[in-house]
Amino acid sequence: MAKMELRELGNTGLKLSSVGFGASPLGSVFGPVSDEVAIATVRQAFTLGINFFDTSPYYGGTLSEKVLGKALKASGVPRNEYIVATKCGRYKEGFDFSADRVTRSIDESLARLQLDYVDILQCHDIEFGSLDQIVNETIPALLKLKDTGKIRFIGITGLPLEIFTYVLDRVPPGTVDVILSYCHYGINDSALEDLLPYLKSKGVGVISASPLAMGLLTENGPPEWHPASNELKAACQAAAVFCKEKGKNISKLAMQYSLSNKDIASVLVGMNSVQQVEENVASAKELATAGIDEKTLSEVKEILKPVKNQTWPSGIQS
Ligand code: NAD
């Protein structure tokens with residue numbers, strides 16, 4: 001079987017599997033997941049070559065970190081063979097990007113994950129905080145955590161793309177190692193593309209999350225809480241139905257579209273079953289050997305044209 005492709009993450013020296021494991025579903029945010037299923041899902045991810053796992057204290061109100069920690073331990077895979085990213089500043093109780101809170105946060109995360117360090121600690125959804133606080137207080141606190149060895153690299157995450165340039169233009173080069181963008185490099189919304197040359201010039205690694213637009217580009221559709229407009233939901237559903245009627249799978253096409261851009265180190269897809277792991281890894285391997293189904297892609301793009309790059313408000317700045 002072809003090996004999972006590994007891609008360099010900016011200047012970190014880390015090599016991430018092109019398919020990354022989004023662990024928010026392990027916090028039961030897309031429906032309940034038992035520990036047994038979570039353990040089997042993570043085990044299968046390792047077997048098929050996935051080495052990158054992303055979580056947050058926010059997902060499922062700490063449940064995702066706890067369950068991921070259990071599953072990583074149960075896998076028995078040596079710690080230096082996988083890469084774990086978690087986040088700070090966003091909690092079930094609300095946002096707090098103060099130096100004090102994020103410094104305590106990493107200890108809580110490490111305890112839940114049953115790990116001594118995480119590879120990447122990301123400020124979670126910074127558009128909900130003061131970006132100046134992120135620059136002047138949060139990131140300096142994370143730099144201190146780097147010195148303690150509890151974290152190896154620093155990242156920032158969020159929805160509006162302008163938050164990334166705001167912060168990166170104001171911190172010393174090499175301070176922020178990674179950005180995580182979500183819902184901006186998929187078939188319906190590819191706005192991240194325009195930012196990639198800038199990020200490359202800064203040596204910042206790029207992780208793109210939610211290739212399925214948090215469930216919009218799936219046959220089952222999005223969860224109740226999905227923030228998209230009804231128009232966007234309806235267009236994505238029409239695209240999913242179109243694919244199904246042609247005997248095609250919208251999620252496979254969406255994964256392959258997101259994976260096609262090699263300036264993106266890893267495409268984080270949320271997974272909560274062995275079958276989803278198998279399908280998403282198969283999509284990546286098929287892309288590498290046979291390429292994408294260009295005809296169906298252009299037909300789906302046509303259906304989604306009226307909602308192209310349509311997003312939703314997020315944060316206090318927007
Ligand atoms: P996603 O687009 O990856 O969609 C996940 C949904 O698709 C889940 O319901 C999952 O069960 C389903 N799914 C997965 N594979 C499938 C397949 N082959 N066929 C059909 N359905 C499938 O959205 P996501 O989970 O929100 O994003 C992925 C990960 O990225 C998250 O788990 C998280 O780790 C990260 N993320 C981070 C941020 C942030 O930092 N602000 C935001 C969004 C996502």
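Both ligands and their constituent atoms are indexed starting at 1 by order of listing. Throughout, numbering of the chain's residues begins at 1 and tracks the sequence.
- Short contacts between ligand 1 and Leu180, defined as distances under 4.0 Å to a heavy atom of the residue, involve ligand atoms 37 (C), 38 (C), 39 (C), 40 (O).
- Taking 4.0 Å as the cut-off, Lys87 counts as a neighbour of ligand 1 on heavy-atom distance.
- Regarding atom 15 (N) of ligand 1, its nearest protein heavy-atom neighbour is Asn280 ND2, 3.0 Å.
- Protein heavy atom closest to atom 20 (C) of ligand 1, with residue, atom name and distance, is Ser251 OG, 3.6 Å.
- Taking every non-hydrogen atom of Gly22 and a distance limit under 4.0 Å, the qualifying atoms of ligand 1 come out as 29 (C), 31 (C), 32 (O), 34 (O).
- The distance from ligand 1 to the heavy atoms of Ala23 drops below 4.0 Å at these ligand atoms: 32 (O), 34 (O).
- Less than 4.0 angstrom separates some heavy atom of Asn272 from each of these atoms of ligand 1: 11 (O).
- Between Pro25 and ligand 1, a contact under 3.5 Å exists for no N or O pair.
- Using a 4.0 Å cut-off between heavy atoms, Pro211 contacts ligand 1 through both its backbone and its side chain.
- The closest protein non-hydrogen atom to atom 27 (O) of ligand 1 is Ser210 OG, 3.0 Å.
- When heavy-atom distances to ligand 1 are checked against a 4.0 Å cut-off, Ser24 comes that close through both its backbone and its side chain.
- Contact annotation: for Ala213 versus ligand 1, heavy atoms closer than 4.0 Å belong to the backbone alone.
- Asp263 and Tyr185 are not linked by any side-chain donor-acceptor pair at a separation below 3.5 angstrom, with hydrogens and angles left out of the test.
- For atom 7 (O) of ligand 1, the closest non-hydrogen atom of the protein is Leu212 CD1, 3.6 Å.
- Closest to atom 41 (N) of ligand 1 among all protein heavy atoms lies Asp125 OD1, 2.6 Å.
- Among all non-hydrogen protein atoms, the one lying nearest atom 6 (C) of ligand 1 is Phe30 CE2, 3.9 Å.
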Go through the steps to decide whether Phe21 and Phe52 satisfy the test ring-ring contact (aromatic ring centres under 6.0 Å, His included), and finish with yes or no.
CA-CA 6 Å; Phe21 191 108; Phe52 176 45; over 10 Å; no
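- Closest to atom 17 (C) of ligand 1 among all protein heavy atoms lies Glu279 OE1, 3.6 Å.
- Of the charged side-chain nitrogens involved, at least one lies within less than 4.0 Å of a carboxylate oxygen, so that Asp119 and Arg79 count as a salt-bridged pair.
- Here Glu93 does not pair with Arg101 in a salt bridge; the nearest charged N to carboxylate O distance is not below 4.0 Å.
- Of all atoms in ligand 1, numbered sequentially from 1 with element shown, those under 4.0 Å from a heavy atom of Ala209 are 30 (O), 35 (C), 36 (N), 44 (C).
- For the residues Val269, Asp54, Leu26, Thr218, the heavy atom positioned nearest atom 33 (C) of ligand 1 is part of Asp54.
- For a threshold of 3.5 Å applied to N or O pairs, the pair formed by Gly270 and ligand 1 contains at least one separation below that value.
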